[in-house]
Amino acid sequence: MKLPPENDEHGGIGGLTERFRTAFSPTASSAAVTRALEQHLATEKHLPLRYQLKDDEKGPYLTCVEASNIAVRIERGLSVSASGAHKYPKGTIFLDGAAQGEPFMDAAKGVYNLDHHEGCVRSFTLASCEQAMIVILKGLDLDDESWTVWANEPDFDTVLAIWLLLNHRRLDDDDPALRRRIMPIVRLQGVIDAHGFELQELTAFPPQLQKATLETINDLRSEELALKGQGEWAAIDLLEFTHSSLRRIDELVYSPGDFEGMREVEELARVRISSQRLAVACRSDAGIYEVEEQLKEVHGDRLGLLILQKDDRTYTLRQVDPFLPTNLDQFYDRLNLLDGAVSGNRRWGGSGDIGGSPRGVGTDLGFDEIMDICRWVFCAPTSGRRWATVGAGLVMVAASLAAVVFAGGGGSLSPPGLLLSNGAKDFRASSLALLGLGLMLVLLGRARFPGYFGLRRPRRAGFLLVLPLVLGAAVCGAAWVPLHGPVLLGPAVVSPWWMAGTVVAGAAGIELLLRGALYGLLITVYPVKLSGRLSLSMPNVVSAAAYAGAVALCLLPADWLSVAGSATGVVATWMAASALLGLILGVARERWRSVWAPVALHALTALMVWWVVARLFNG
């Protein structure tokens, strides 16, 4: 592309835009022209490209790297009713006709309408750009939480209001230099928009300032007026046009010195981790400490935690406030629990104040998942929610076992011995049903909470080291295999291959139900400590207790209650061994981060116990 000479008949910013437009082919898109213009302006004055066009689940929006918590959304023809506007979420600002009715500031709900169309005397009401300047200088905290700015058309009054809101930090600075540069434009545009050109004198500017400011506004509006004059205004991309207009205002009021020392730091998200502290996630090529210093200028003492994304798989974590009630060690534990890339020594970790993602391989977690984990760790679920989840999980297990009994034709639902009442054939049907139901629940859970249900390969085969402990508990009657009733045990009655498959299916099914579905549900609300000394987590304890209860209901001999004396001790040993087995398998689930570890241990142990007992019963 060959640009026209700088000293042609086109002058000013509007003329520069026109020169760029004519340098392209007639079919060139406005977006291409805009990007070329921005690159030229950035090269000429070395200004950073601060405005960005993005998309999310709500659609496209515009934001600024220095105010990334403010999303500007422009929908052609948007007109929210006056009553509907008050019901919008906290942190909503309507501009220049996007909301019907009078201008208002609903500070209690955090909703504002900067407008001068309906429900007011227009001649007595400031234009939207002047209203925006007033709320900024009056102290509206635009750094708190997230804000959405709604507009329906990017005329110059609206664009100027958007620029003011996105540059609020610089405008609210102690140095008045920027305000002195932009305020004449805001005041004159406000007078023109509210009263027309005939009352320009209301600004009371000296003649030279009045003339220069008007020429500047005309220059800034030149593209808007040209598009309207050519009948193309209705077809433009509203956000692209706003994007380029904001850049032209930057070119007018800023110089390279205004951004001296500023690094390219794109703030991606923020999470409130306490009443007065924020976790801020950002992307930058600068180091973590340089980014921290820059963000402190923006957030001050509110910056508690910094999450720096170097690329899609590499993150650095920095605890800025050393007095946070929750520290990075708990954050590392949660990340290691859910990150599929963690293996061996490749894990999230570091010191108490700085660390990062697994070295060499990075993380499999997406950005949104990391932010959800951050929110969970520093704003953990309440006790009420945790106990409600325990209750829901136990109901799920009870309902699943009842369904399995019915699937096997167990007949009576009077415990114990539910799965053994009708012999080997029905026990086999129940085991297959248990396997299918457990797998289905785990898959459904993973679809809603990815990473929580352990459907990943174990970290190496080290879990086999606990096989002797599992076998010891299983010999005491803890494995999911019937140790009574010759009809269930003898190959003379039932094919040994069929019975072996039944034992494996039942053991795998109960593990998928308890160490998969139930455990996965519980770790959505309970922490699991993976570093440091071994400790029993609440999900492990609950799933182990549920297993002991399942053994009591489904596998104990039907006549044990009528047996007195020593049989009671046998049953107590059986139940204690079941609880112990459940705890050991839960530790394997946690330490090797996979439900397949307890599935393999339990299935192998149950098969060994069944084979030995069957041999004893059948010679």
Side-chain angles (χ1 to χ4, degrees), residues 10 12-38 51-56 58-63 71-82 84-85 88 92-101 103 113-119 122 127-129 131-132 148-166 185 189-190 192-194 196-197 216-249:
H10 299 291
I13 297 171
L16 182 60
T17 305
E18 186 60 31
R19 293 201 306 277
F20 268 77
R21 189 177 302 281
T22 56
F24 282 79
S25 67
T27 59
S29 67
S30 61
V33 177
T34 297
R35 283 191 291 271
L37 173 61
E38 288 179 351
Y51 306 106
Q52 299 174 339
L53 296 175
K54 297 185 177 184
D55 275 285
D56 60 14
K58 297 178 182 178
Y61 67 96
L62 182 149
T63 189
V72 178
R73 301 181 186 274
I74 305 178
E75 293 185 8
R76 196 184 306 275
L78 175 67
S79 183
V80 180
S81 67
Y88 264 65
T92 299
I93 299 175
F94 296 100
L95 293 180
D96 204 25
Q100 301 170 14
N113 184 25
L114 310 184
D115 189 17
H116 65 132
H117 287 78
E118 297 185 27
R122 184 177 177 92
S128 296
C129 61
Q131 294 179 37
T148 301
V149 177
W150 288 99
N152 57 19
E153 185 179 33
D155 59 19
F156 188 61
D157 180 36
T158 300
V159 167
L160 193 53
I162 291 170
W163 188 92
L164 295 171
L165 293 171
L166 293 179
I185 300 173
Q189 175 58 32
I192 293 172
D193 202 66
F197 284 94
T216 299
I217 290 175
N218 288 338
D219 199 15
L220 292 170
R221 294 189 63 209
S222 59
E223 188 172 4
E224 173 192 341
L225 296 176
L227 289 169
K228 289 179 176 178
Q230 297 164 8
E232 299 178 4
W233 181 253
I236 65 169
D237 184 308
L238 302 181
L239 283 175
E240 285 277 7
F241 177 84
T242 304
H243 187 262
S244 63
S245 298
L246 296 175
R247 279 291 309 173
R248 290 197 295 271
I249 298 175

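- In summary, the side chains of D155 and T158 do present a donor paired with an acceptor at a separation below 3.5 Å, with no hydrogens or angles considered.
- In this structure, N152 contributes its side chain and G77 its backbone to no donor-acceptor pair below 3.5 Å.
- Although no hydrogens or angles enter the test, the distance criterion places a donor-acceptor pair under 3.5 Å between the side chain of E224 and the main chain of F156.
- Side-chain atoms of L246 and L62, non-hydrogen and from C-beta on, do get closer than 4.5 Å to each other.
- Here the CG-CG distance, from L78 to L238, works out to 11.0 Å after rounding to the nearest 0.5 Å.
- Here L95 contributes atom CG and I74 contributes atom CD1; the two are 8.5 Å apart, rounded to the nearest 0.5 Å.
- The nearest pair of heavy atoms linking G101 to A82 is CA-CB, 4.3 Å.
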Working note: R73 + D56, criterion salt bridge (charged side-chain N to carboxylate O under 4.0 Å, His left out); need CA distance, chi angles, decisive distance, verdict.
CA-CA 11 Å; R73 301 181 186 274; D56 60 14; 2.6 Å; yes
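- Going from atom CD of Q131 over to atom CG of L164 covers 12.0 Å, rounded to the nearest 0.5 Å.
- The OG atom of S222 lies 12.5 Å from the CD1 atom of I217; values are rounded to the nearest 0.5 Å.
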Yes or no on side chain to side chain contact (heavy atoms under 4.5 Å, CB included) for W150 and V80, after CA distance, side-chain angles and deciding distance?
CA-CA 10 Å; W150 288 99; V80 180; over 6 Å; no
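- In this view, E153 satisfies the salt bridge (Lys or Arg N to Asp or Glu O under 4.0 Å) rule with no residue, not counting sequence neighbours.
- With hydrogens and angles ignored, the 3.5 Å screen pairs a side-chain donor or acceptor of H243 with a backbone N or O of Y51.
- Atom CG in D193 sits 10.0 Å away from atom CG in L160 (nearest 0.5 Å).
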List the steps and the verdict of side chain to side chain contact (heavy atoms under 4.5 Å, CB included) for L227 and F241.
CA-CA 11 Å; L227 289 169; F241 177 84; 4.0 Å; yes
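- Between the side chains of R248 and S245, a donor-acceptor pair is found at a separation under 3.5 Å.
- The salt bridge (Lys or Arg N to Asp or Glu O under 4.0 Å) test applied to D55 returns no partner, not counting sequence neighbours.
- When all heavy atoms of S79 and Q100 are compared, the pair lying nearest together is OG-NE2, 2.8 Å.
- Distance check: I162 CD1 to T242 OG1 gives 5.0 Å after rounding to the nearest 0.5 Å.
- For the pair F94/S128, no side-chain contact is recorded, criterion being any heavy-atom separation below 4.5 Å from C-beta on.
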Derivation and outcome, side chain to side chain contact (heavy atoms under 4.5 Å, CB included), residues V159 and I249:
CA-CA 9 Å; V159 167; I249 298 175; 4.1 Å; yes
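- Side chain of D115 to main chain of P103: no donor-acceptor pair is present (N/O by atom type, distance under 3.5 Å, no hydrogens or angles).
- Considering every non-hydrogen atom in both C129 and Q189, the closest pair reads SG-CG, 4.2 Å.
- Nearest approach of A98 to A151, heavy atoms of both residues: CB-CA, 4.0 Å.
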